[in-house]
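Working notes, structure below.
Residue indices begin at 1 and follow the sequence shown. These numbers come from a predicted model, not from an experiment.
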Amino acid sequence: MTETDHPSSQSKSSLDFVKVLTSVGLFILSLYTVNDYVTSRNGNDVGSERRRLSVLSSENYYVSDLKQELRDREKLFEDAKPGEIKYWFEYAGPLQKYFYRYSKSRKKADSFDGRDDSGVTSGRFSAIGGGDDYIKYFEHVVDTDSNSLDPQFNRLRDNCLKLGTAAGGTNWSFVASDKTKTHNSEAMCKVLFVLNTVGAGVGKTILWETAPPKLADTARPWQSEQASAAMHLERQLREINSMCATTQIAARLQVLTCEPIPAVWTNWMDSILVDCGGTPMSDRVLEDAINALNAGKLQQEEDKNRYSPLQIVVSSSPATADACHDMKSGFMEKRMQDLILAVPDASSDKSHPKMSHADLISSDDFDVYVGLRWSSLITVRSVYAFLQASVDLAAAASSQVEVDASLYPEFASINGPFSPFLIPSFVRMSYVSEENNKVAKWRMHGDFFHPAAWEICRDSFDATWIPHSIAASDSTSETKITSSCLGLSNDDPSSCGQWWLYMAEEQMPTSPEVYANENTIPIVRGGSNAVFMLTERHRREIVSNLICKRNHGDSSKECGEEPQAIMPLGDMESFISNFMPNTALGKQHHKTRRPGYSRPYNTEENREALRKKKKLKEQEDIEKALFDYTVYPAALMHKDATLKAARARDASMSTNEDARKESENGSFGIPQKIKSVYYDVSITKPRDPVNGWCMSMARRGLCTLYSDYLRTISPSDKGERRCLEHCGLSRDWTPIDEAGAAIST
């Protein structure tokens, strides 16, 4: 036997051979892995696309995110010490820093920390694009191949085309910001924004007489919200640009001014709207553009062919310039309404086609019209919610299921809307202002702070239940909108629907806007001149009504009812527009022009009751602040609206006459048979994780955005049924047993 034939040597050779084979296999496997990685980076990974389709077909991306939120809330309660969570306010979300004053001597901005759990889209705290949830939603839309995109992600466009012009209007093409795609407006939601810029300035100087700010993506020095209107104008332009970036909206913008503005401002605004077809700043420097304009060297043919989403409209003449600048006159509000409605002259009795001057881009047909002041914030969330609410109301109007009129008190509030022509409308809210120290002390409860309304109060609105006001997600017809309630085999056809808030009073801003509203009444009763939306279907109906009144008189019954403002309870916060300068709170209303004017005795009775209780003894400033100023936080509005709806339903079910009278008078009283599971709990008792989770989603507008998951009307639907009450979809709320405890469902 030789040395090489020794058994130990053979064993060693075999082991070395196995190691070599293993190494070769691992090396080949690594090559495949690298190749797959490189292929996926180049966008050619077929397997990746298959995985994406499998994810979409089983469960949408947001479901796991929402479930993780619930698990985080449950863990928060499990880890909290006994008694640490004392109140019903939300304890989730990031801790944010609010800068409210800048010290020149210390070269530092003062701030306090807090959580804004109101759900309102804020110019201060919300990212451009409607907030984090909407940003992620539309990023998914853009990143996913349109052929494999779930139908629910096209809902904004589909709803828009159902209520818009569909086949009418001129289509236009524009190049995306990355210059890799050319979009055509034919298959998109065409939106016209009409922007009122009266009052915009830097201090007492008109904005157009100053230089526009530099556009840079880097961090900027802190600037007071009251220092310049340019920062708010820029924010609104960037929001419009983000709408175009969704690839579902094609936007055009009319900027209304009292006199011609410098070209530097026109180019500045155009350069922000790059996703809508504007020219980026890098392609044409402003200084060069001005010099070329002065020298007459602009490429006229290029400008003629280039699509621009922007048009400056000088709305006054030398004779009317003073009235235009007078914010009490309502001059610009009237011009804004005229451009949007485009009412024909006496030679025509038709609402379509329009007869406006062809040079105005508003003379074209659009699907949606948005009128707003420079200080109001409108985002893609606002447009999405408005279109969904409009389609929901259209579904109720076109529902083929008959509801016995005698049952009306059984499913609606005792006092219903005075007009059947309902249009979703908006309310403005303002955050704490650094200009008023008193207002800073009014911020709510500890480390929280909320936006608050000053144009409405609890008496400004009522709640009503509208059967079948839930549009079906699978309705693809452009002329017919079906209701989700139609397929339900229910003995009570009125039990499927949605709770709504309708404005029982006109909104009452402070001076000078309150006088402007008297001179130019808002298009929608209970709505606002500062921010409103109409679909093309709304516009034609309103114009037909105006033509009828012109021909038959204002009191003619043949012309139908005027439109009334309404908003869905489950998506209320999406209809709150942030007043971006945030200077509205702390300003006193005129005594005869303040919210709650329909029930003036309530204010005096409450004031006298507080005096008798002596709770405000020697605190005249606090008492004055409580009654002479309107500070109505969004969270309180949601609470009042919910309790109004619950008590209205409770009163209709109860035989207690006192309960019915309390509901009619706007008092909440004690629930008799049903209650709100979220709000009919002591304020010092924290809400359980599921309750807080559902309310957080409702405030953030997810009941509408993720309707396929949260609008589970039928028991057979796959989704989250525990949040129906929070989304305003539960007619009968939560029953109470004999012991007064909520019955679990």
Side-chain angles (χ1 to χ4, degrees), residues 59-97 113-122 125-127 130-137 381 444-451 569-574 633-636 638-639 642 675-712 718-730 733-734 741-745:
E59 186 176 88
N60 283 304
Y61 76 91
Y62 55 79
V63 176
S64 58
D65 293 345
L66 297 180
K67 290 181 178 178
Q68 183 59 46
E69 283 187 24
L70 178 58
R71 288 192 290 268
D72 292 341
R73 286 176 178 269
E74 292 172 340
K75 188 175 187 307
L76 177 67
F77 274 70
E78 291 173 359
D79 297 344
K81 298 178 181 178
E84 183 178 0
I85 300 179
K86 300 178 181 179
Y87 302 104
W88 58 275
F89 311 114
E90 302 298 337
Y91 281 80
L95 193 65
Q96 298 161 314
K97 190 174 292 292
D113 295 335
R115 292 181 177 89
D116 178 18
D117 66 330
S118 65
V120 176
T121 304
S122 162
F125 299 124
S126 302
D132 295 337
D133 296 301
Y134 280 76
I135 292 172
K136 191 171 183 179
Y137 177 90
R381 173 183 175 183
M444 294 181 64
H445 44 76
D447 66 341
F448 296 85
F449 44 93
H450 286 273
L569 172 60
D571 196 21
M572 185 196 80
E573 284 77 7
S574 295
L636 184 57
H638 202 132
K639 176 183 178 182
T642 302
K675 72 175 185 177
S676 165
V677 71
Y678 187 88
Y679 286 112
D680 277 318
V681 183
S682 170
I683 194 172
T684 58
K685 182 178 180 180
R687 295 340 186 223
D688 62 87
V690 173
N691 250 324
W693 175 63
C694 288
M695 184 55 69
S696 174
M697 290 191 293
R699 289 175 176 173
R700 287 151 51 194
L702 303 189
C703 294
T704 296
L705 185 65
Y706 301 150
S707 57
D708 282 44
Y709 179 65
L710 294 174
R711 282 188 173 190
T712 52
K718 294 181 179 179
E720 182 53 67
R721 295 188 55 81
R722 291 175 291 181
C723 300
L724 289 180
E725 183 175 310
H726 306 78
C727 292
L729 305 176
S730 176
W733 300 93
T734 301
I743 299 175
S744 60
T745 56

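Between C694 and C727, the two SG sulfurs stay at or beyond 2.5 Å from each other.
Scanning both residues, R687 and F77, for their nearest heavy atoms gives O-CZ, 3.0 Å. Summarising the geometry of S730 relative to E725, their closest heavy-atom pair is CB-CA, 3.8 Å, with the distance given to 0.1 Å. Between C703 and A698, the shortest heavy-atom distance links the atoms SG-CA, 3.7 Å. Between S126 and V120 the shortest heavy-atom distance is OG-O, 3.9 Å. Considering every non-hydrogen atom in both A635 and Y679, the closest pair reads O-OH, 4.2 Å. Closest approach of P689 to E74, counting heavy atoms only: CB-CG, 3.7 Å.
S574 OG to R699 CZ: the interatomic distance, rounded to the nearest 0.5 Å, is 13.0 Å. Note that the CG atom of L702 and the OH atom of Y62 stand 10.0 Å from one another [nearest 0.5 Å]. Within the model, atoms CG of L705 and CE of M697 stand 12.0 Å from one another, a figure rounded to the nearest 0.5 Å. From K136, atom NZ reaches atom CG of D132 across 9.5 Å, with rounding to the nearest 0.5 Å. The distance from the CG atom of N691 to the CZ atom of R722 is 10.5 Å, given to the nearest 0.5 Å.
For W693 (side chain) and L66 (main-chain N/O), a donor-acceptor pair under 3.5 Å exists by modelled atom type. Of the possible donor and acceptor atoms, one in the side chain of T712 sits under 3.5 Å from a partner among the backbone N and O of E720. The closest donor-acceptor contact from the side chain of S696 to the backbone of G692 lies at 3.5 Å or more, if one exists at all.
Below 30°, between 30° and 60°, or above 60°: for Y678 and H726 the angle between ring planes is above 60°, a perpendicular geometry. Between Y706 and Y61, the two ring planes are perpendicular [angle over 60°; tilted spans 30° to 60°].
The salt bridge (Lys or Arg N to Asp or Glu O under 4.0 Å) search around D688 returns none, not counting sequence neighbours.
Using a 4.5 Å cut-off on side-chain heavy atoms (C-beta onward), K675 and W733 make no contact. You'll find the side chain of N60 stays beyond 4.5 Å of the side chain of Y137, heavy atoms only.
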Worked check of side chain to side chain contact (heavy atoms under 4.5 Å, CB included) between L70 and K67
CA-CA 5 Å; L70 178 58; K67 290 181 178 178; 5.6 Å; no
